[in-house]
**Student:** 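Dropping the structure in here first, questions after.
Hydrogens, waters and symmetry mates play no part in the numbers below; they use all other heavy atoms, side chains included.
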Amino acid sequence: MARILLLHGLGGTAATMRAIAEALTAKGHDVHAPTLPGHGTTIHELAAHGWNDWMAAAARWPADVVVGQSMGAALALALAVDERRPLVGVVAINPPQPDRDALEGLEWMIERGHDRIDAP
């Protein structure tokens with residue numbers, strides 16, 4: 001059976017992947033679903049970590065297949081193109097997409113001295 005790595009999204013924890021983990025384990029697969037650095041803690045702890053920390057954590061476990069949701073999907077796709085880690089498969093659930101309008105809006109705010117964004 002396959003070694004399957006499950007990666008949660010930004011702000012999530014391994015618990016968000018529980019249903020998938022249980023279904024794959026029931027089929028006999030070896031499943032690993034880590035909580036990525038900074039997640040499941042405080043907003044300050046989460047903000048202290050970033051892409052490189054999350055990639056390093058994801059790369060620690062030897063997987064045949066990587067399944068990721070949202071930010072975890074982006075990590076899964078990044079692992080899939082790493083020639084040092086040949087994978088049999090990758091599943092990307094709701095991978096994030098670039099949003100040109102959002103980026104332009106952020107650039108506009110930064111140019112005008114805004115250092116944070118208040119969400120409704």
**Student:** CZ of R112 to CD1 of I110: how many Å apart, nearest 0.5 Å?
**Tutor:** 11.5 Å
**Student:** Just checking R85: does its CZ atom have more than 12 heavy atoms from other residues, nucleotides or ligands closer to it than 6.0 angstrom?
**Tutor:** yes
**Student:** Is there a continuous path of hydrophobic side-chain contacts, each under 4.5 Å between heavy atoms, that joins L7 to W51?
**Tutor:**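 Yes, L7 and W51 fall within the same hydrophobic cluster.
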**Student:** Could you check I20 against Q69 for side chain to side chain contact (heavy atoms under 4.5 Å, CB included), going step by step and ending with a plain yes or no?
**Tutor:** CA-CA 11 Å; I20 296 171; Q69 184 270 326; over 6 Å; no
**Student:** Mind listing the closest non-hydrogen atom pair of S70 and P96 along with its distance?
**Tutor:** O-CD, 3.1 Å
**Student:** Hydrophobic clusters here meaning ILVMFWY residues chained together by side-chain heavy-atom distances under 4.5 Å, can you tell me if M17 and W61 are in one?
**Tutor:**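 Per the 4.5 Å side-chain linkage, M17 and W61 are not co-clustered.
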**Student:** In this structure, would L87 and L6 fall into the same cluster of hydrophobic residues linked by side-chain contacts under 4.5 Å?
**Tutor:** no
**Student:** Any chance you could measure R3, atom CZ, to L24, atom CG, to the nearest 0.5 Å?
**Tutor:** 15.0 Å
**Student:** Compare every heavy atom of H8 with every heavy atom of P34, then report the nearest pair and how far apart it is.
**Tutor:** O-CD2, 3.4 Å
**Student:** Could you walk me through whether M1 and D30 pass the side chain to side chain contact (heavy atoms under 4.5 Å, CB included) test, one step at a time?
**Tutor:** CA-CA 7 Å; M1 294 287 139; D30 184 11; over 6 Å; no
**Student:** Measuring from atom CG of L77 to atom CG of D82, what distance do you get when rounded to the nearest 0.5 angstrom?
**Tutor:**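 So the gap between those two atoms works out to 13.0 Å.
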**Student:** Just how far is it from atom NZ of K27 to atom CD1 of I4, taken to the nearest 0.5 Å?
**Tutor:** 11.5 Å
**Student:** Looking only at non-hydrogen atoms, find the nearest pair between G11 and L46 and report the distance.
**Tutor:** CA-CD2, 4.3 Å
**Student:** Tell me whether V65 shares a hydrophobic cluster with L5, the cluster being built from Ile, Leu, Val, Met, Phe, Trp, Tyr side chains joined at under 4.5 Å.
**Tutor:**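 Cluster IDs for V65 and L5 differ.
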**Student:** Ignoring hydrogens, what is the shortest heavy-atom contact between V91 and A76? Give both atom names and the distance.
**Tutor:** O-CB, 4.4 Å
**Student:** Looking only at heavy atoms, what is the nearest atom pair of V66 and A63, with distance?
**Tutor:** CG2-CB, 4.1 Å
**Student:** Donor-acceptor pair, H39 side chain versus G12 backbone, under 3.5 Å?
**Tutor:**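 Not a single qualifying donor-acceptor pair exists.
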**Student:** When rounded to the nearest 0.5 angstrom, what distance separates OG1 in T13 from CZ in R18?
**Tutor:** 8.0 Å
**Student:** Taking all non-hydrogen atoms of both residues, which atom of A48 and which atom of D53 are closest, and how far apart?
**Tutor:**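 Smallest interatomic distance, heavy atoms only, reads O-OD2, 4.1 Å.
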**Student:** Is there a side chain to side chain contact (heavy atoms under 4.5 Å, CB included) between L10 and W54 once you walk through the steps?
**Tutor:** CA-CA 10 Å; L10 182 63; W54 304 325; 3.8 Å; yes
